[in-house]
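Just so we're on the same page: letters track the sequence lines, and every chain starts at 1. Note that the structure is a prediction, hence the values are computed from the model and not measured. Computed over heavy atoms, backbone and side chain alike; hydrogens, waters and symmetry mates excluded.
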Amino acid sequence: MVKFEIHDLNIWFASTQALKQVNLEIQANEILSVIGPSNSGKTTFLRTLNRLNDLNARFRMTGAVELERQDIRGINIEDLRRRIGMVFALPLPLPLSIFENVAYGIRVYGEKRKKVLGHKVEEALQQAYLWEEVKDRLDESAFKLSGGQQQRLCIARTLAVGPEVILFDEPCSGLDPISTAKVEDAMIKLKEKYTIVLVTNNVKQAARVGDRTAFFLSGELIELDKTEKIFTAPCDKRTDGYVRGEFG
Amino acid sequence: MRKLKEFIIEKLILICGLASIFFVVLIFLFLLKEGLAVFKTVGPFKFLFGKSWYPISEPAQLGILPLIFGSLLVTLGAAIISIPVGVGCAVYIAEIAPAKIKEILKAGIELLAAIPSVVLGFVGMITLVPLVKSVFHLPTGLTALSGSIMLAFMAMPTIVSVAEDALYSVPKTYKEGALALGATHWQTIWRVMLPASSSGILAAVMLGIGRVIGETMAVMMITGNAAVMPNSILVPVRTLTATIAAEMGEAVVGSEHYFALFAIGIVLFIISFAINVTADLFLHKRQ
Amino acid sequence: MRNSHRTQNIAFFFLLLATLLIIIPVGLIVVVIIQKGLPAINWQFVSDIPRQGMRTGGIFPAIVGTFYLVSGAILFALPIGLLAAIYLSEYAKENLLTRIIKLAIVNLAGVPSVVYGLFGLALFVVFLKFGASILAGSLTLGIMILPVIITTSREALESVPQSFREVSLSLGASKWQTIRHIVLPNAIPGILTGTILGLGRAAGETAPILFTVAAFYLPRLPKSIFDQAMALPYHLYVISTQVPNVDEKIRYGTAFVLLTLVLFMNLVAIIIRTKFRKKKKW
């Protein structure tokens, strides 16, 4: 099933064009890796999907992004963001307790029953493989967790809302290899239930977890194919150069 | 339900956002409403340039030139004292003082800004006024000079803090570049830092002067309040602000005197408006 | 080379001199008022009404009056100022309207205090027929401290990292929920600092209350918000310039109480600010 369809997407910030004529589809329950050098437009692309770019007053776009055949600009923005969760580049816990961080999204949706909240928080923490480490200290500040734990907390927080799609924006850029491995494990297991878009600077990470990989350069989608194909026999010379580390 | 609540709150936020504009306009309108009536009896020219202010004689003489001169004289004196001292202090704090002393000095300046003007006026009355009297052998120490010294003091916090901000916002590379070329620290301050922050320092001076022109209580308590054309800095004077504060209590609502005091208010409002807008332009030019 | 160093030494000496010219008098003022005012303070002085044309007795009605005025001013200015700050920090776009609002705030801060007094007289006392009353005085002071509250609250709101807002929005929270649950709680120390600074400013001002509320001599407590009231700063003005032969002790004592009140509020504001800076988690 096709989750996202993107047609002729062009994006500008003031007069600078960030994305040029991007066309692609994202399948349900796949992990799509998005790679490319910095300033290639990959994060902009990601933030288009949950309309986070709208916060920037200079943002302008043409073309269409469709979620299950419905233009995202026609969906209530809060519902859209509830359906499409996001995990940011740095672990960004809110200045609340561990419990309240995970409960936040459910609370703002209007859930007040303690029992339901407690149950959903536990479930989300389990799914992010964090429950065992924090179950006795749920009332502590989230800032007391280690970097890797914080990032898994952010994943749990995203899961708690019950999204269909999860956007990862370089989720391991600040983490050590062991924490990175844990986050990657979590992602692979999550794709059974969720559609995942992973923007990463780490080409090897894309190769490890991505079903398909998209390569962006200077705002253009150069190539999109099965991950294996991108890394072994890409059609475009530039893709080949990038994945082999000739430029970055 | 939630949507409706949020809609109302957001409209309320917008309304409050516009409140400042509303109040500035409202202040001006009410000053005009009460003040313009005076021009039915006195022409604007005669009001601004008339040399005598005898609001309760028959017929009343409503020329505010002596008051304008009083304000100008006191302000000029305060500016001559406060600009070099204030900018000097800002340079010292921003460039020379060691970190710990810097914090103490800044706290001291904040302390000065916090002291109510009536307290400063009181202290001035008791210390400065007798001092001026004995040093210059005057019949009274309640003079323009005493007012200038006290007001200079009250302008300092504004001048120091705005000028210090201006110095602070000069890019570090300017300073490092100058030092790397072998200039001494003082040469760097004089030739690089001060010119680079000149528009901010100018804004600091203007805002300080704005504070001085608008100051009321201290000035009323120590300048002697004589509404005559001053011929020296060692005689009593009366400023625009002090005139309003001292006389409004006795003016009958709706009388010519009452209208005239509001007309002085219009003059003060326009002066402070002009100063603040210009200072704001200088501050924005810097960025 | 040697010459330029001598120039530097001379220049630095003058800069130090300028600094001392400000700092030493500030210290002296505070010391003198404490030294001469403190002996005047006793229970009777702060709890009794003024007697014998303010030549003896206490200053209790003035303390109460100032308390009422300051409370009224903050009750008016805090909600409006805070919402205005939220508008500027969270909603305003970079356009002409925002530029005009900012300019209006700068101007509001620059209007001479005695002009506020005139405005309060014309609008509240005469036009709205409140008469000289606590209500008229509080509203006048409230408008006067509005810029202080807007500016400090706005800084506090803007210092909350943008990333917190993005996280909250990305979880499906609405803009107002994000402000209410994430931005405001984290800006509270800064807002508190601004509010207290505003209180201190309102407590010390005299000119705006001259014609809107202040009673020359009213040896009883105000009965309602439509009553006149005495106030500390105006009382100090009155006993130091309008009433002959007041014991110097009473003048210094009044100045001491007023100064202590204002400096105490500023001190609290500074303490909150520094504590907050140290505790900041991001």
Side-chain angles (χ1 to χ4, degrees), chain A residues 14 43 46-47 49-58 75-96 100-111 124 141-145 150 153-154 156-163 165-169, chain C residues 85-102 153-193 272-282:
Chain A
T43 294
L46 199 70
R47 289 164 68 99
L49 300 181
N50 66 346
R51 292 186 60 190
L52 218 48
N53 283 327
D54 293 28
L55 297 182
N56 190 323
R58 297 185 170 85
I75 304 175
N76 173 301
I77 193 156
E78 285 121 42
D79 292 339
L80 176 78
R81 287 181 183 151
R82 200 163 280 123
R83 289 172 68 185
I84 305 173
M86 184 162 199
V87 177
F88 293 81
L90 293 168
L92 285 174
L94 295 169
L96 302 167
E100 287 303 328
N101 256 283
V102 184
Y104 182 78
I106 324 168
R107 270 193 202 281
V108 296
Y109 192 56
E111 182 60 71
S141 162
F143 289 97
K144 288 196 174 166
L145 298 174
Q150 286 186 7
L153 179 74
C154 294
R157 183 175 65 192
T158 307
L159 296 176
V161 185
V165 182
I166 305 176
L167 311 175
F168 286 89
D169 185 6
Chain C
I86 292 177
Y87 176 78
L88 285 173
S89 136
E90 309 296 317
Y91 289 90
K93 300 188 175 66
E94 271 179 55
N95 56 23
L96 187 65
L97 178 68
T98 308
R99 186 85 184 79
I100 293 174
I101 292 177
K102 287 182 181 166
S153 303
R154 188 181 138 218
E155 274 172 24
L157 293 165
E158 283 179 350
S159 73
V160 177
Q162 180 65 16
S163 56
F164 286 179
R165 294 180 181 82
E166 291 190 354
V167 166
S168 172
L169 292 171
S170 80
L171 290 167
S174 68
K175 186 157 188 164
W176 170 247
Q177 283 176 324
T178 301
I179 295 170
R180 167 76 189 74
H181 297 295
I182 301 298
V183 183
L184 270 181
N186 287 291
I188 278 179
I191 294 167
L192 214 57
T193 309
I272 293 177
R273 197 172 58 197
T274 27
K275 264 207 156 163
F276 174 54
R277 270 191 202 144
K278 271 187 203 150
K279 241 184 84 183
K280 227 179 209 176
K281 299 167 203 133
W282 54 84

**Student:** To the nearest 0.5 angstrom, please state how far the CG atom of L171(C) sits from the CG atom of L94(A).
**Tutor:** 7.0 Å
**Student:** Given that the side chain runs from C-beta out, which part of L92(A) has a heavy atom under 4.5 Å from chain C: side chain, backbone, both or neither?
**Tutor:** both
**Student:** Given heavy-atom pairs under 4.5 angstrom as the criterion, report whether the side chain, backbone, both or neither of P163(A) touches chain C.
**Tutor:** neither
**Student:** Checking heavy atoms, do the side chain of I106(A), its backbone, both or neither come under 4.5 Å from chain C?
**Tutor:** neither
**Student:** Over all heavy atoms of both residues, which pair between H181(C) and V108(A) is shortest? Give the atoms and the distance, please.
**Tutor:** CD2-CG1, 4.3 Å
**Student:** In this structure, are over 12 heavy atoms from other groups packed under 6.0 Å from R83(A) atom CZ?
**Tutor:** yes
**Student:** Could you grab the distance from atom CD of E166(C) to atom CZ of R47(A), nearest 0.5 Å is fine?
**Tutor:** 4.0 Å
**Student:** Is there a donor-acceptor contact under 3.5 Å from the side chain of R82(A) to the main chain of G172(C)?
**Tutor:** yes
**Student:** What's the verdict on side chain to side chain contact (heavy atoms under 4.5 Å, CB included) for F88(A) and S163(C), showing C-alpha distance, side-chain angles and the deciding distance?
**Tutor:** CA-CA 9 Å; F88(A) 293 81; S163(C) 56; over 6 Å; no
**Student:** Counting C-beta onward and ignoring hydrogens, is there a side-chain heavy-atom pair between Y104(A) and V167(C) closer than 4.5 Å?
**Tutor:** no
**Student:** If you round to the nearest 0.5 Å, how far is CZ of R157(A) from OG of S170(C)?
**Tutor:** 7.0 Å
**Student:** If I take atom CZ from residue R81(A) and atom CG from residue L169(C), how far apart are they, to the nearest 0.5 angstrom?
**Tutor:** 5.0 Å
**Student:** Determine whether E94(C) and R58(A) satisfy the following criterion, side chain to side chain contact (heavy atoms under 4.5 Å, CB included), listing intermediate values before the conclusion.
**Tutor:** CA-CA 10 Å; E94(C) 271 179 55; R58(A) 297 185 170 85; 4.0 Å; yes
